[in-house]
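Working notes, beginning with the structure itself.
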Protein chains: 2
Amino acid sequence: MTPKKDPSGRRGRGRPQSFDRKEALCAAMRLFWDRGYEGTSFDDLISVMKISASSFYNAFGSKEALYHEVIETYMSVAGGWFLDILGEDADTRTVFEDLTRAAAVEFTRPNQPAGCMISVAATQCSPNQHRLRDLLASQRTQAEGAMAARLQQGLEVGDLPIDTDIEALAAFYGSLLRGMAVQARDGASQERLMEIARFGMNAWPKA
Amino acid sequence: MTPKKDPSGRRGRGRPQSFDRKEALCAAMRLFWDRGYEGTSFDDLISVMKISASSFYNAFGSKEALYHEVIETYMSVAGGWFLDILGEDADTRTVFEDLTRAAAVEFTRPNQPAGCMISVAATQCSPNQHRLRDLLASQRTQAEGAMAARLQQGLEVGDLPIDTDIEALAAFYGSLLRGMAVQARDGASQERLMEIARFGMNAWPKA
DNA sequence: CTTTTTTTGGTGTCATCGCTCCATAAATCC
DNA sequence: GGATTTATGGAGCGATGACACCAAAAAAAG
């Protein structure tokens with residue numbers, strides 16, 4: 001699958017790959033991001049990745065395997081801001097304000113598809129794609145879990161009223177972010193998303 | 001297409017349809033609702049509708065025409081609660097509280113697919129389905145417009161601070177409802193959605 | 001150079017998708 | 001009953017989807 005590299009860094013033998021794997025992966029990510037899994041055809045993929053069918057299977061295994069890899073890439077690159085902000089050393093309210101505002105920015109970046117690749121993916125799909133649907137749903141659950149963990153931490157240091165329902169509050173901000181992702185895909189501007197984010201912060205629990 | 005009925009109610013001539021058109025439409029709606037447009041295959045459709053391919057084309061024209069009809073059906077039947085509540089004669093805040101709470105109930109009804117058929121549809125799709133994507137996006141925009149109209153009305157009677165940004169507030173509740181729809185599809189319970197709705201109402205503008 | 005290993009381009013395959021055609025069945029109208 | 005009109009069942013079609021195969025090409029290893 002992956003080109004085998006000597007621990008010393010020297011290439012192994014055999015014909016070298018004629019394309020940059022990361023670049024191809026990134027091109028595939030943008031396509032999947034824009035069109036979803038089922039909406040992206042094999043031919044479109046190898047076209048934007050600029051490789052042939054055989055190179056595709058040689059390098060990535062299958063369409064589904066590529067999609068998995070793309071999700072990992074998305075989480076670590078395009079979605080990295082999410083966990084970064086949750087890890088910020090700041091007041092809990094500030095963290096969530098940054099989070100929602102960052103979403104407004106990230107969801108409307110030019111030169112990349114609008115919205116979040118994970119939030120809106122595979123919510124409706126055919127039964128033979130249920131594995132993927134479950135994978136995406138679990139990614140969303142994980143993201144919400146990360147928010148819940150940060151809120152819990154905030155509760156423990158007194159940033160939140162002690163009777164705050166952490167899970168529910170995380171679900172609220174999860175919902176808001178997913179809704180913002182849909183709005184972004186429908187063409188909402190960054191300013192509009194910012195206003196939504198601001199209203200979202202009005203819901204922050206008061207002591 | 002549609003079976004021609006005499007104004008007097010008597011059937012015209014020709015062999016009568018052997019199936020109930022509304023029932024078939026409803027079955028198609030549930031399938032589209034669950035799987036989306038591209039995720040629903042022709043064979044699956046005629047299977048749950050219990051009709052043959054020829055009857056299908058005779059009665060509905062094409063898969064896309066059926067989808068359009070299904071959307072209309074959804075808006076008037078399954079989504080009727082939405083406009084009903086917006087039309088309620090009540091305090092504006094109460095209307096939106098009812099709206100978000102009703103969403104929690106409607107999105108988790110047993111015996112029907114979870115979430116909203118419109119909110120999560122065609123957010124990611126192939127380029128040859130852009131007509132449908134635009135249609136769905138415009139339905140979402142219309143729904144938000146209806147909320148904005150109700151808010152404007154509320155502003156005029158003093159239910160809202162005069163400096164309230166109506167469009168933005170409508171966008172906020174639009175986002176929240178769409179996010180709740182995704183949550184519902186991922187399996188969130190009615191109680192969980194209720195909690196989200198409650199937090200959503202905490203964002204209601206204060207004088 | 002020869003051998004070995006790996007990638008590449010091109011062509012082919014098999015299933016599925018949405019759709020069409022046609023002969024037949026079942027009703028009404030005269 | 002015969003003519004007309006509409007619906008049905010079933011077979012099949014062209015396009016596209018994802019993928020497989022294979023001979024040729026390009027590199028390292030001996």
Side-chain angles (χ1 to χ4, degrees), chain A residues 1-21 23-24 28 31-32 35-70 125-129 131-132, chain B residues 1-25 28 31-32 35-70 125-129 131-132:
Chain A
M1 299 251 166
T2 330
K4 286 157 192 162
K5 286 207 175 186
D6 215 59
S8 61
R10 289 205 335 250
R11 294 192 32 256
R13 68 175 157 186
R15 181 173 172 172
Q17 272 185 339
S18 65
F19 60 93
D20 180 11
R21 200 170 189 283
E23 247 177 58
L31 209 60
F32 275 134
R35 308 184 179 181
Y37 182 76
E38 291 185 289
T40 305
S41 82
F42 186 81
D43 290 346
D44 291 340
L45 274 174
I46 62 176
S47 167
V48 302
M49 296 168 83
K50 287 170 189 153
I51 60 179
S52 70
S54 10
S55 302
F56 179 92
Y57 282 100
N58 187 44
F60 300 102
S62 72
K63 186 184 169 187
E64 187 171 345
L66 172 65
Y67 191 70
H68 282 98
E69 215 172 317
V70 160
C125 66
S126 73
N128 27 349
Q129 309 294 349
R131 286 220 317 279
L132 273 179
Chain B
M1 300 251 165
T2 330
K4 287 157 192 163
K5 285 211 172 181
D6 215 60
S8 62
R10 289 204 334 251
R11 295 194 29 259
R13 68 174 156 186
R15 180 173 172 172
Q17 272 185 337
S18 66
F19 61 94
D20 181 11
R21 201 170 188 284
K22 283 193 180 181
E23 246 176 59
L25 201 55
L31 209 59
F32 276 133
R35 308 184 178 181
Y37 181 77
E38 291 186 289
T40 305
S41 82
F42 185 80
D43 290 346
D44 291 340
L45 275 174
I46 62 175
S47 167
V48 302
M49 296 168 82
K50 286 170 191 154
I51 60 179
S52 70
S54 15
S55 303
F56 179 93
Y57 282 98
N58 187 44
F60 299 102
S62 71
K63 186 185 170 188
E64 187 171 345
L66 172 65
Y67 192 69
H68 281 99
E69 215 173 318
V70 160
C125 66
S126 72
N128 30 349
Q129 310 293 347
R131 287 221 318 278
L132 273 178

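This is a predicted model, so every value here is computed, not measured.
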Practice problem: Ignoring hydrogens and angles, answer whether the base of D/dG10 and the side-chain atoms of B/S54 contain a donor-acceptor pair closer than 3.5 Å. | Solution: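 Such a pair is found, so the answer is yes.
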Interatomic distance, [X] [atom1] vs [N] [atom2] [rounded to whole Å]:
{"X": "A/D43", "N": "C/dC17", "atom1": "CG", "atom2": "P", "result": "17 Å"}
{"X": "B/F56", "N": "D/dG10", "atom1": "CZ", "atom2": "C1'", "result": "17 Å"}
{"X": "A/K63", "N": "D/dC19", "atom1": "NZ", "atom2": "P", "result": "8 Å"}
{"X": "B/L66", "N": "C/dC19", "atom1": "CG", "atom2": "P", "result": "10 Å"}
{"X": "B/N58", "N": "D/dT8", "atom1": "CG", "atom2": "C1'", "result": "9 Å"}
{"X": "A/Q17", "N": "C/dG9", "atom1": "CD", "atom2": "P", "result": "12 Å"}
{"X": "B/L31", "N": "C/dG18", "atom1": "CG", "atom2": "P", "result": "11 Å"}
{"X": "A/M49", "N": "C/dT8", "atom1": "CE", "atom2": "P", "result": "11 Å"}

Practice problem: Could you check B/A53 against A/Y37 and say which one's nearest nucleotide on DNA chain D is further toward the 5' end? | Solution: B/A53
Practice problem: Using the closest heavy atom to pick a nucleotide of DNA chain D for each, name whichever of B/I51 or B/N128 lands nearer the 5' end. | Solution: B/I51
Self-check item: Distance test, side-chain N/O of A/S52 to OP1/OP2 of C/dT8, below 4.0 Å
Solution: no
Exercise. Could you tell me whether the phosphate oxygens of D/dA7, OP1 or OP2, come under 4.0 Å of any side-chain nitrogen or oxygen in B/S18?
Key: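 Looking at the OP1 and OP2 atoms of D/dA7, neither is under 4.0 Å from any side-chain N or O of B/S18.
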Exercise. Using a heavy-atom cut-off of under 4.0 Å over every strand shown, decide if A/T40 touches base, sugar-phosphate, or nothing.
Key: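 Sugar-phosphate, backbone atoms only, no base.
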Quiz item: Given B/L25 and B/L66, is the side chain to side chain contact (heavy atoms under 4.5 Å, CB included) satisfied, shown in steps?
Solution: CA-CA 8 Å; B/L25 201 55; B/L66 172 65; 3.5 Å; yes
Side chain of [X] only, please: which of [options] is the nearest?
{"X": "B/F19", "options": "D/dT8, D/dA27, C/dG9", "value": "D/dT8"}
{"X": "A/R15", "options": "C/dA26, C/dG18, C/dT7", "value": "C/dT7"}
{"X": "A/F42", "options": "C/dC17, C/dA26, D/dA18", "value": "D/dA18"}
{"X": "A/Y57", "options": "D/dT8, C/dT7, D/dA20", "value": "D/dA20"}

Quiz prompt | SB check B/E38 A/R35 (cutoff 4.0 Å) | solution =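 No, B/E38 and A/R35 are not salt-bridged.
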Quiz item: Using a distance-only test with no angle check, is there a side-chain donor-acceptor pair under 3.5 angstrom linking A/N128 and A/S126?
Solution: yes
Quiz item: Can you tell if the side chain of A/F60 reaches within under 4.5 Å of the side chain of A/I51, non-hydrogen atoms only?
Solution: yes
Quiz prompt | Side-chain (B/K63) to main-chain (B/Y37) donor-acceptor, under 3.5 angstrom | solution = yes
